[in-house]
Chemist: 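Once you've had a glance at the structure underneath, I'll fire off some questions.
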Amino acid sequence: MLGHKEEPIDVGLRPSGQPRFGDYQAGFAMSMGKKLGRPPRALAQAVVDAVDWSDLCEKLPEVAGPGFINFTLARALLQKLATHLGRDERLGVEPIGTPRIVVVDYSSPNVAKAMHVGHLRSTIIGDCLARVLGFLGDRVIRQNHIGDWGTQFGMLIQHMVEQESGVQNLEGEVGDLERLYQDAKRRFDAEPEFADRARARVVQLQAGDEETLGKWRKLVEASQRHFEHVYHRLGVHLGRDDVRGESFYNPLLAKVVVDLESHGKVKLDQGAKVVYPQGFKNPEGLPAGMIVQKSDGGYLYATTDLAAARYRIEELGGTRLVYVTDSRQMQHFAMVFQALREVGWAPEEVSLEHVPFGMVLGPDRKPFKTRSGDTIKLIDLLDEAIRRAGDIARRKNPELSEEQLGDLAKAIGIGAIKYADLSNQRIKDYVFDWDQMLAFDGNTAPYLQNAYVRIRSIFRKGGLDAAEFMGQSILLAEPGDRLLTLKLLEFGTAVEAVSRTLEPHRLCGYLYDLATSYHRFYEQCPVLTAETEDIRNSRLALSHLAARTLALGLDLLGIDVVERM
RNA sequence: GCGCCCGUAGCUCAGUGGAUAGAGCAUCGGUUUCCUAAACCGAGGGUCGGAGGUUCGAAUCCUCCCGGGCGCGCCA
């Protein structure tokens, strides 16, 4: 009827924007009418007439506007779908047919420095993407590309050697590391003789001098403890096994350059070895290149990134490489990816995806700093979030014990920071605003957490075990039941959208809609005091399903739920 | 100079080429003998930066312009 070709037709089916347009709408008649030379409305009507809709729709689908077909699903069908969803452990999220090996590169802090607000977004977004892709069935390999190698270690180690006290303190908190870095940097800038010794120390480090390496390991070890501390506070799944720092690739760099040369990709310019991926220009309008080996023989980040990509494809078997770094590195990754294609290290079937994100801004709309202009330490930021959340929770709910408050404050505070980050379109800068992210109204973590809490409260009040309602048949008695059900059915689509676009804010938007739908349901539809036993059971089942969806959705964002707040 | 990103309500932001562009905050006004009012309901508020173009249809795609941000060889 729509043509002879056997190819599948995208009918453009999607949830209707407004209730008066039914549950779902299809827009294919408009685009297809053109191709077939038939008026869209007539085409739509022909489709409606040709099918027996009685099992699918409550009433005959309507042709409306320029040629939309609006569907209102049959109650029996919707009930069946909802009941099925309620019994599904995966809540309607289909495991992907052909899992990939996805390598997600995120966080990437620097050794010998405290993690700061600049690491926040990569860590949060990367962790979320890893969770989502993993849940969908991909094999996810997390990679923490820490900055544990380079010339700055010369001055750090040299300072450690000369100031033996600095070594002792490395067993302590990160503050010692910070001080070590600052002291070394100050001396490096102020004392030319020290700078010379630091440069000599770099050579020793490169040469594998045992004393130098020993000091270096101490630095890395102390930093790792700091990273773990921050990740634990943040609830981020990154461990030591996930660390592949710059030092890991160091032994591979020479071969990268040699192989590039054998591909004829390397040109010499003023003593430096440069590759020129196609399609890039420098300020003079000439082809822009990436230096892969400096005139002094040293390597740069482009070399390391090429080596890392190679490792991830050849050794880890990655078929989707994901890099979560800030948007300023877009061109750098575009060049690295182009080079990987040109030399064939990244075959066509391997997708290379940079996941760029914008900056975190302060209230003045400039990069987020302390009042005195210093970078904000991540651990301080997290502690403040927990403190603020605790203060609010204590004020709202004075009868909570301090122990309950502690867990609550962490879930809310950390959740608020993560959600504020994830809920914005990631490419844009966003303004860091405590009041907004900790508000109970609006698109915030506490609002979502509260929807979950209200549901849990129902089961507590009723003395009921929620798990017992998983298999319960769902009956849609009133519009409130129906609207909540339609929203619950969209969860799978929302999760799938995140894996496709690598944009977590899509899941946030969905969960916010879901929480809003539940709050409305809660107002309109009595659960424990429903008019019949069947409706009560159905609403308990719907509520439990909503709670599971909220909890799973938030978990995919890396956010915890609480039982009461 | 070239390239990339971003301009949507007073503010912070959503918005798969589709119907009358949506939320929250702020403002104003309602709702509690009832499962958490940390909630819900309602009102006002828009030249979607501007101008062309493609299309039955454009905030969305294309071109140009304006404004802001970022990047463009020996840091990462």
Side-chain angles (χ1 to χ4, degrees), chain A residues 12 14 16-18 20-21 25 27 30-31 33-34 39-40 64-68 70 108 110 145 147 150-152 246 269-274 279-285 288-296 298-302 304-305 325-332 334-335 356 358-359 365 392-393 395-397 412 420 423-425 427-431 433 435-436 438-444 446-447 449-451 453-462 493 497 500-501 505-506 508-509 512-513 515-516 518-520 522-530 539 543 564-565:
Chain A
R14 54 175 196 182
S16 296
Q18 301 172 58
R20 68 198 173 91
F21 295 138
Q25 61 174 231
M30 275 97 73
S31 54
K34 174 88 173 173
F68 289 100
N70 295 332
S108 308
N110 295 312
H145 193 95
T151 50
Q152 75 274 23
E246 290 169 0
D269 188 8
Q270 299 163 50
K273 293 181 179 175
V274 190
F280 300 92
K281 286 183 180 167
N282 70 11
E284 285 76 49
M290 299 186 294
I291 294 181
V292 293
Q293 189 165 18
K294 296 192 285 183
S295 50
D296 68 2
Y299 302 102
L300 294 166
Y301 65 125
T304 309
D305 280 334
T325 79
D326 71 85
S327 61
R328 289 174 302 192
Q329 297 188 49
M330 275 192 292
Q331 182 171 319
H332 165 68
M335 291 175 84
M359 279 182 294
R365 301 212 54 114
I392 294 169
R395 206 178 321 129
K396 290 284 178 188
N397 214 338
I412 295 178
S423 59
N424 284 300
Q425 225 183 101
I427 192 67
K428 294 200 206 176
D429 299 343
Y430 77 94
V431 176
D433 182 336
D435 292 336
Q436 192 180 17
L438 285 164
F440 316 123
D441 299 315
N443 192 11
T444 66
Y447 179 85
Q449 287 165 324
N450 183 49
V453 163
R454 289 181 106 180
I455 299 172
R456 299 299 305 146
S457 175
I458 291 173
F459 286 95
R460 221 169 23 244
K461 187 93 174 183
T493 309
R500 192 178 67 253
T501 63
H505 83 281
R506 292 170 185 272
C508 296
Y512 176 59
D513 278 354
T516 302
Y518 190 80
H519 282 305
R520 286 192 187 130
Y522 186 92
E523 298 290 328
Q524 295 167 14
C525 304
V527 178
L528 292 174
T529 56
R539 287 186 178 154
S543 293
R564 63 190 82 206
M565 63 194 285

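Naming: A, B, ... by sequence-line order, numbering from 1 per chain.
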Chemist: Within this structure, what is the NZ-to-C1' distance between A:Lys294 and B:C75, rounded to whole angstrom?
Modeler: 8 Å
Chemist: Write down the atom of A:Asn282, the atom of A:Ala288, and the distance for their closest heavy-atom approach.
Modeler: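 For A:Asn282 and A:Ala288, the tightest heavy-atom pair comes out as N-CB, 3.7 Å.
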Chemist: Nearest-Å distance, CG (A:Asp326) to P (B:G69)?
Modeler: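 Atom CG in A:Asp326 sits about 17 Å away from atom P in B:G69.
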Chemist: Give RNA chain B the dot-bracket treatment, 5' to 3': Watson-Crick (N1-N3 with N6-O4 or O6-N4) or G-U (N1-O2, O6-N3) under 3.5 Å, [ ] crossing, | other strand.
Modeler: (((((((..((((....[...)))).(((((.......))))).....(((((..]....))))))))))))....
Chemist: Rounded off to whole Å, could you give me the CD1-to-C1' distance for the A:Ile455 and B:C35 pair?
Modeler: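 Distance, rounded to whole Å: 11 Å.
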Chemist: Mind checking the C1' distance from B:U12 to B:G73? Whole angstroms is fine.
Modeler: 40 Å
Chemist: Report which part of the nucleic acid A:Arg500 touches: base, sugar-phosphate, or nothing (heavy-atom distance under 4.0 Å, all strands).
Modeler: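 Nothing, no heavy atom under 4.0 Å.
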Chemist: Ignoring hydrogens and angles, tell me if any N or O in the side chain of A:Thr304 forms a donor-acceptor pair with the backbone of A:Glu246 under 3.5 Å.
Modeler: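 Side chain of A:Thr304 to backbone of A:Glu246: no pair is present.
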Chemist: For A:Asn397 and B:A38, what is the distance between atoms CG and P respectively, to the nearest whole Å?
Modeler: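 In whole Å, B:A38 P and A:Asn397 CG are 9 Å from each other.
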Chemist: Please determine, for the side chain of A:Ile291, which listed nucleotide (B:C72, B:C35, B:C74) has the closest atom?
Modeler: B:C74
Chemist: Specify the separation, in whole Å, of atom NE2 of A:His519 and atom P of B:A23.
Modeler: 16 Å
Chemist: With the six-membered base ring of B:A19 as reference, does the ring of A:Phe68 sit under 5.5 Å away with planes under 30° apart?
Modeler: yes
Chemist: Sticking with atom P, work out how far B:A58 lies from B:G50, rounded to a whole angstrom.
Modeler: 15 Å
Chemist: Contact between A:Asn424 and A:His505 at the side-chain level, heavy atoms closer than 4.5 Å - yes or no?
Modeler: no
Chemist: Report all interatomic pairs (protein N or O, nucleotide N or O of nucleotides 5-8 of chain B) with separations under 3.5 Å.
Modeler:
residue, atom, partner, partner atom, Å
B:G7, OP1, A:Lys428, NZ, 3.2

Chemist: Kindly confirm whether the side-chain ring of A:Phe280 is stacked on the base of B:G3, judged by centres under 5.5 Å and planes under 30°.
Modeler: no
Chemist: Hey, is CZ on A:Arg328 packed in by over 12 heavy atoms from elsewhere, all under 6.0 Å?
Modeler: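 No, not enclosed.
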Chemist: Is there side-chain contact between A:Asn450 and A:Phe440, with at least one heavy-atom pair below 4.5 Å?
Modeler: no
Chemist: Could you tell me if the side chain of A:Arg539 sits less than 4.5 Å from the side chain of A:Pro526, heavy atoms only?
Modeler: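 SC-SC contact between A:Pro526 and A:Arg539 confirmed.
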Chemist: State the syn/anti category of B:G73 according to its glycosidic angle, syn meaning within 90° of 0.
Modeler: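 Nucleotide B:G73 adopts syn.
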Chemist: Just so I know, are the side chains of A:Tyr299 and A:Lys294 near enough to count as touching, which here means a heavy-atom distance under 4.5 Å?
Modeler: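 In short, these two side chains do not touch, never coming nearer than 4.5 Å.
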Chemist: Starting the side chain at C-beta, find the nucleotide from B:C13, B:C40, B:C74 nearest to A:Leu300.
Modeler: B:C74
Chemist: How many whole angstroms separate atom CG of A:Asn70 from atom C1' of B:A19?
Modeler: 9 Å
Chemist: Nearest to the side chain of A:Val431, which nucleotide is it out of B:G18, B:A76, B:C13?
Modeler: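 In terms of side-chain proximity for A:Val431, the closest of B:G18, B:A76, B:C13 is B:C13.
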Chemist: Between A:His505 and A:Arg14, which residue's closest nucleotide on RNA chain B lies nearer the 5′ terminus?
Modeler: A:His505
Chemist: If you check every side-chain atom of A:Val274, which of B:C35, B:G73, B:A19 has the closest atom?
Modeler: B:G73
Chemist: For atom C1', what is the distance between B:U31 and B:G67, given to the nearest Å?
Modeler: 45 Å
Chemist: Which atom pairs link the protein and nucleotides 25-32 of chain B when you take only N or O atoms and keep those under 3.5 Å?
Modeler:
residue, atom, partner, partner atom, Å
B:C25, OP1, A:Asp441, OD2, 3.2

Chemist: Report the residue (A:Tyr512 or A:Gln331) whose heavy-atom-nearest nucleotide on RNA chain B is the more 5′ of the two.
Modeler: A:Tyr512
Chemist: Where is the tightest heavy-atom contact between A:Leu528 and A:Ile458, given as atom of each residue plus distance?
Modeler: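 Closest approach of A:Leu528 to A:Ile458, heavy atoms only: CD1-O, 3.6 Å.
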Chemist: Counting C-beta onward and ignoring hydrogens, is there a side-chain heavy-atom pair between A:Met565 and A:Asn397 closer than 4.5 Å?
Modeler: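 No; the side chains remain at least 4.5 Å from each other.
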Chemist: Can you tell me how far P in B:A21 sits from the matching atom in B:C65, rounded to whole Å?
Modeler: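 That atom pair is separated by 31 Å.
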Chemist: Using the side-chain contact (heavy atoms from CB on, under 4.5 Å) rule, pick out the option among A:Met335, A:Gln329, A:His145 that qualifies with A:Asp305.
Modeler: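 Per the side-chain contact (heavy atoms from CB on, under 4.5 Å) rule, the option paired with A:Asp305 is A:His145, out of A:Met335, A:Gln329, A:His145.
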Chemist: Between the side chains of A:Tyr522 and A:Ser543, is a donor N or O closer than 3.5 angstrom to an acceptor N or O?
Modeler: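 On atom types as modelled, these side chains do not qualify, holding no pair under 3.5 Å.
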Chemist: Just checking A:Pro526: base, sugar-phosphate only, or nothing, at a heavy-atom cut-off of under 4.0 Å?
Modeler: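 Base, at least one base atom sits under 4.0 Å.
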Chemist: Starting the side chain at C-beta, find the nucleotide from B:C35, B:A19, B:U16 nearest to A:Arg506.
Modeler: B:U16
Chemist: May I have the distance from A:Gln436 (atom CD) to B:A38 (atom C1'), rounded to whole angstrom?
Modeler: 16 Å
Chemist: Base, sugar-phosphate or nothing for A:Gln25? Non-hydrogen atoms, less than 4.0 Å.
Modeler: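 The answer is base, as A:Gln25 lies within the cut-off (heavy atoms under 4.0 Å) of a base atom.
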Chemist: Does some side-chain heavy atom of A:Tyr301 sit less than 4.5 Å from a side-chain heavy atom of A:His332?
Modeler: yes
Chemist: What does A:Ser295 touch in the nucleic acid at a heavy-atom separation under 4.0 angstrom: a base, only the sugar-phosphate, or nothing?
Modeler: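 Base contact.
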Chemist: If only side-chain N and O atoms count, and only distance matters, is there a donor-acceptor pair under 3.5 Å linking A:Tyr447 with A:Thr516?
Modeler: yes
Chemist: Base, sugar-phosphate, or nothing for A:Pro446, non-hydrogen atoms under 4.0 angstrom?
Modeler: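 Touches nothing.
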Chemist: For nucleotides B:G29 and B:G45, find the distance between their C1' atoms and express it as a whole number of Å.
Modeler: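 Going atom to atom, C1' in each nucleotide, I get 15 Å.
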Chemist: Rounding to an integer number of angstrom, what distance separates B:G15 and B:C6 when you compare their P atoms?
Modeler: 12 Å
Chemist: Kindly indicate whether the side chain of A:Thr325, heavy atoms from C-beta on, has any atom under 4.5 Å from the side chain of A:Met330.
Modeler: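 Side-chain contact under 4.5 Å: no.
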Chemist: Between C1' on B:G68 and CG on A:Asp429, what's the gap in Å once rounded to a whole number?
Modeler: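 After rounding, the gap between these two atoms is 10 Å.
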Chemist: B:C13 and B:A76: how far apart are their P atoms, nearest whole angstrom?
Modeler: 33 Å
Chemist: A:Arg460 side chain N/O closer than 4.0 Å to the phosphate oxygens (OP1, OP2) of B:C35?
Modeler: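 No, A:Arg460 has no side-chain N/O under 4.0 Å of OP1/OP2 on B:C35.
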Chemist: Any base atoms under 4.0 Å from A:Asn424, or only sugar-phosphate, or nothing? Heavy atoms, all strands.
Modeler: sugar-phosphate
Chemist: Using the C1' atom as the point on both nucleotides, what is the distance between B:A39 and B:G57, in whole Å?
Modeler: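 These two C1' atoms come out 40 Å apart once rounded.
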Chemist: Below 4.5 Å, heavy atoms only, C-beta onward: do A:Leu438 and A:Ile392 meet side chain to side chain?
Modeler: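 In short, these two side chains touch, coming nearer than 4.5 Å.
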